[in-house]
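Here is the structure we will look at.
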Number of protein chains: 2
Amino acid sequence: GGVVATLFFPDAKLPCRNMRKPGGCRRQHCEYAHEPTSLTRFLDYLGSATRTLDICVFTITNDDISDVVLDLHRKGVKVRVITDNDQSTTQGSDISKFRSAGILVRQDHSPAHMHHKFAIIDGRLLMNGSFNWTRQAVTGNNENVTVLADPALIQSFQGQFNRLWDMFK
Amino acid sequence: GGVVATLFFPDAKLPCRNMRKPGGCRRQHCEYAHEPTSLTRFLDYLGSATRTLDICVFTITNDDISDVVLDLHRKGVKVRVITDNDQSTTQGSDISKFRSAGILVRQDHSPAHMHHKFAIIDGRLLMNGSFNWTRQAVTGNNENVTVLADPALIQSFQGQFNRLWDMFK
Ligand SMILES: [Zn+2]
Ligand SMILES: [Zn+2]
């Protein structure tokens, strides 16, 4: 079938950022994860985008995630972000960082909530589930993300993304 | 693939309850939906359970949905519900109705949020997405529910359900 992976949260630990540097982490007693976690797998799928990344997520306040998005944008991946108006001015929201970097962002200005949490990677992978892109959700919440490669499903979510993108112009 | 359906919200209208009665709706100017909507499709999938229904949802306050669940329980379907502690005493929560009817309910008493929104029907269908089982989400929010029949995916979510069921004993 089109099921690539299922990621469940909470993770026991947040990932150690030193592991991304040459030489890895040299701390004697590091409290962060050095092994793969649901979040590092999530970041790997997201970071696999080479052409397009369409993000439609209620709230984004997780810097590990937004760093990957900003990196992809810098590498030339065409990133588009739809998010909820109520959340974008929240303390720690990464939306203003995205805007400053030149990423295209559109917001739901209606009283309704834009409550989706999905992303489409290269029109090839759909990530979808209950998981909001926050730091708290990673280690604090029971959450799921499914990673799916079914073409009909992706077409359906891409259609929804495009409709919301036009609606929130 | 294993994709059965994709349901997007908001619906323009809530479904008319008279349509479930013999003779249908006789109101001259009825403001409710008489045609299929995302919610009526959702209710049809849920109501198709014949043996087991495992529900793992943050909050349940939608009476159209809880009526279907209560009906299935009365018909002998083995229903189990996991929900979040913070939400179960909320105004309008249907959890107390479930308990009174004899449905098995377990709650996350930890400070973490049980933020999932999935259900497994007869170990055969998974419903999963962003959609909380509230009335407001139906006509007010942009939400999705995927209905999937992939055996490996269902095994993975069933494992997660069972782990949480044991954990919240
Ligand atoms: Zn470390
Ligand atoms: Zn009517």
Side-chain angles (χ1 to χ4, degrees), chain A residues 1-11 38 56-59 82-86 107-108 110-118 126-132 134 136-161 163-164 167-168, chain B residues 1-11 38 56-59 82-86 107-108 110-118 126-132 134 136-161 163-164 167-168:
Chain A
V3 180
V4 175
T6 310
L7 309 175
F8 289 108
F9 296 87
D11 283 337
S38 288
C56 187
V57 175
F58 181 55
T59 179
I82 298 174
T83 191
D84 193 72
N85 188 42
D86 294 353
Q107 294 174 249
D108 182 358
S110 76
H113 278 305
M114 205 302 295
H115 198 241
H116 290 297
K117 308 102 175 31
F118 73 83
L126 172 71
M127 299 174 80
N128 188 43
S130 65
F131 177 63
N132 283 311
T134 67
Q136 186 233 333
V138 174
T139 54
N141 288 6
N142 285 289
E143 306 270 9
N144 72 77
V145 178
T146 55
V147 186
L148 304 160
D150 184 278
L153 187 70
I154 287 169
Q155 192 175 19
S156 173
F157 275 80
Q158 188 68 64
Q160 180 70 0
F161 184 93
R163 268 188 297 280
L164 295 177
M167 193 186 302
F168 300 149
Chain B
V3 179
V4 175
T6 309
L7 309 175
F8 289 108
F9 296 86
D11 284 337
S38 288
C56 188
V57 176
F58 181 54
T59 179
I82 298 174
T83 191
D84 193 71
N85 187 43
D86 293 354
Q107 292 173 252
D108 182 358
S110 76
H113 278 306
M114 205 301 297
H115 198 241
H116 289 298
K117 307 101 173 37
F118 73 83
L126 172 70
M127 301 175 80
N128 189 43
S130 65
F131 178 63
N132 281 311
T134 68
Q136 187 234 333
V138 174
T139 53
N141 289 6
N142 286 289
E143 305 271 9
N144 72 77
V145 178
T146 55
V147 186
L148 304 160
D150 184 277
L153 187 70
I154 287 169
Q155 192 176 18
S156 173
F157 275 80
Q158 188 69 64
Q160 179 70 1
F161 184 93
R163 268 187 299 280
L164 294 177
M167 192 187 303
F168 301 150

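Labels below follow one simple rule: chain letters A, B, ... track the order of the sequence lines, proteins then strands, and each chain is numbered from 1.
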For this session: Name the region of B:Thr146, side chain, backbone, both or neither, that has any atom closer than 4.5 Å to a heavy atom of chain A.
Result: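 Side chain of B:Thr146 only, per the 4.5 Å heavy-atom cut-off to chain A.
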
Roughly how far, to the nearest 0.5 Å, is [atom2] of [Y] from [atom1] of [X]?
X	Y	atom1	atom2	result
B:Leu164	A:Asn142	CG	CG	5.0 Å
B:Lys117	A:Lys117	NZ	NZ	6.0 Å
B:Leu153	A:Leu148	CG	CG	6.5 Å

Seminar exercise, completed: All heavy atoms of B:Ala112 vs all of A:Gly140, minimum pair found to be CB-O, 2.5 Å

Exercise. Who passes side-chain contact (heavy atoms from CB on, under 4.5 Å) against B:Ser156, sequence neighbours left out?
Worked result: A:Thr6, A:Phe8

Exercise. Can you list the residues that meet the side-chain hydrogen bond (donor to acceptor under 3.5 Å, both in side chains) rule with A:Ser130, with sequence neighbours excluded?
Worked result: A:Glu143

Problem set entry | Toward chain B, the part of A:Phe157 with a non-hydrogen atom under 4.5 Å |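 Both backbone and side chain of A:Phe157 come within 4.5 Å of chain B.
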
Exercise. Would you say the side-chain atoms of A:His116 and B:Asn144 include a donor-acceptor pair closer than 3.5 Å?
Worked result: yes

For this session: Decide whether B:His113 and A:Asn141 meet the rule of one side-chain donor and one side-chain acceptor closer than 3.5 Å.
Result: no

